[in-house]
Amino acid sequence: MSESAAPRGLDTETLDLPGWTHIYSGKVRDLYEPADPSIVERVGQDCVLVVASDRISAFDHVLASEIPDKGRILTQLSLWWFDQLKVEHHVLASTVADGVPAAVEGRAMICKKLDMFPVECIARGYLTGSGLQEYRTDGTVCSIPLPAGLVDGSRLDQAIFTPSAKAEVGEHDENITYDAVVGMVGDDVAARLSELTLKIYTTAEAIARERGIVLADTKVEFGYDAVSGAITLGDEVLTPDSSRFWDLATYQPGQAQPSYDKQYVRDWLTSAESGWDRGSDTPPPALPADVVERTRSRYVEAYEKITGQAFA
């Protein structure tokens with residue numbers, strides 16, 4: 001990324017990290033580029049430091065409240081999944097011994113600097129969310145026809161690629177058709193993005209199912225690596241922020257499924273207790289302590305069930 005400032009309206013965490021200069025902040029992650037040439041020499045190519053914060057967003061707002069340990073959970077879970085997937089990814093280093101600053105140990109990765117494609121690559125294996133809304137109206141998802149009679153939570157016969165266009169912080173991603181992706185990146189790249197996205201989903205869906213988790217859908221991002229010439233998986237992968245995880249033991253089509261994500265946050269913000277009008281220009285209020293703790297517990301539970309490791 002080439003941005004030199006944070007997106008408008010985002011209160012960012014800018015850390016003083018020796019050898020690194022802050023260049024950009026998104027909803028959750030902050031990017032730093034090397035200020036010390038020896039860092040590039042050490043990893044062997046141009047790179048960025050990706051630091052996951054404890055920030056949480058909902059309804060296209062970055063909230064004032066944070067979820068303790070969220071940045072570490074997202075980073076460690078992503079690293080675990082990168083090890084499971086047989087695809088080219090952007091991680092070069094993730095430990096202090098390999099150059100990650102001690103101040104952000106556990107929640108940061110040194111990554112290849114990629115030219116990111118302007119597409120959110122989404123794979124859906126189950127019908128829910130915005131896909132369900134479109135299906136109820138048109139019988140399609142991203143203009144892909146689906147069989148009649150499906151309900152909320154129905155498992156699809158085959159996972160589908162349903163991309164969206166990236167939005168700025170504070171804006172909402174919009175579902176787009178495959179033809180629109182072709183128009184943005186060309187035939188060959190669009191085909192490769194679809195192939196990789198569905199490969200990641202099908203691999204991860206089987207792994208998650210073995211651990212008692214339903215992977216309903218997931219979002220991934222790719223970029224072009226100028227060094228290798230490969231289309232490369234970037235950002236985070238298969239976390240509660242980028243994916244919809246359900247408990248296999250309680251999964252029941254025909255109803256909304258509890259998710260391992262920030263559903264507690266969404267539910268509280270839309271409740272009378274919060275007093276927040278989602279349609280207003282007023283930012284969301286701070287979260288109560290119990291909502292923060294229950295959300296943290298849900299993230300921890302997702303990490304531990306998927307990896308089989310205790311979060312410490």
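What you are looking at is a predicted structure, and each value in this text was computed from that prediction instead of being measured.
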>> Glu236 vs Thr239, test: side-chain hydrogen bond (donor to acceptor under 3.5 Å, both in side chains). Steps then yes/no.
In response: CA-CA 7 Å; Glu236 64 180 334; Thr239 72; 2.6 Å; yes
>> Determine whether Tyr260 and Tyr303 satisfy the following criterion, ring-ring contact (aromatic ring centres under 6.0 Å, His included), listing intermediate values before the conclusion.
In response: CA-CA 9 Å; Tyr260 289 95; Tyr303 172 86; over 10 Å; no
>> Using side-chain hydrogen bond (donor to acceptor under 3.5 Å, both in side chains), reason through Glu293 and Ser297 one step at a time and then give a plain yes or no.
In response: CA-CA 6 Å; Glu293 180 53 36; Ser297 296; 3.3 Å; yes
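Judged purely by distance below 3.5 Å, without hydrogens or angles, the side chains of Thr162 and Arg124 pair a donor atom with an acceptor atom. Donor-acceptor pairing under 3.5 Å is recorded for the side chains of Asp241 and Tyr299.
Criterion: ILVMFWY side-chain heavy atoms under 4.5 Å apart, direct or through other members. Under it, Phe117 and Val237 are part of a common hydrophobic cluster.
For the side chain to side chain contact (heavy atoms under 4.5 Å, CB included) test with Leu146, the passing option among Leu127, Asp138, Asp157 is Leu127; the others fail.
Using bins of under 30°, 30° to 60° and over 60° for the plane-to-plane angle, the ring pair Phe59/Trp276 lands in the tilted bin.
Residues Ser243 and Leu215 approach most closely at CB-CD1, 3.8 Å, considering heavy atoms.
In terms of modelled atom types and a separation under 3.5 Å, the side chain of Thr140 and the main chain of Pro145 share no donor-acceptor contact. Gln257 contributes a side-chain N or O that, together with a main-chain N or O of Gln255, makes up a donor-acceptor pair within less than 3.5 Å. With hydrogens and angles ignored, the 3.5 Å screen pairs no side-chain donor or acceptor of Tyr32 with any backbone N or O of Val50.
A salt bridge does not link Asp188 with Arg192: every distance from a Lys NZ or Arg NE/NH1/NH2 to an Asp or Glu carboxylate oxygen is 4.0 Å or more. Comment: Lys70 does not engage Asp54 in a salt bridge, judged by the lack of any side-chain N to carboxylate O separation of less than 4.0 angstrom. Salt bridge Glu66/Arg296: absent, no basic N to carboxylate O contact under 4.0 Å. Ion pairing of Asp261 with Arg266 is present here, as a side-chain N (NZ or NE/NH1/NH2) and a carboxylate O approach within less than 4.0 Å. Contact check on Arg55 versus Asp30 returns a salt bridge, with a Lys/Arg side-chain nitrogen under 4.0 Å from an Asp/Glu carboxylate oxygen.
The shortest distance between side-chain heavy atoms of Phe161 and Cys121 falls below 4.5 Å.
With rounding to the nearest 0.5 angstrom, the OG1 atom of Thr197 is 12.0 Å from the NZ atom of Lys219.
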Under 3.5 Å, side-chain donor or acceptor atoms of residues 38-46 against the rest of the protein: list the pairs with distances, not counting sequence neighbours.
from  : atom 1 : to    : atom 2 : distance (Å)
Ser38 : OG     : Asp36 : OD1    : 2.9
Ser38 : OG     : Asp36 : OD2    : 3.0
Arg42 : NH2    : Ala97 : O      : 3.4

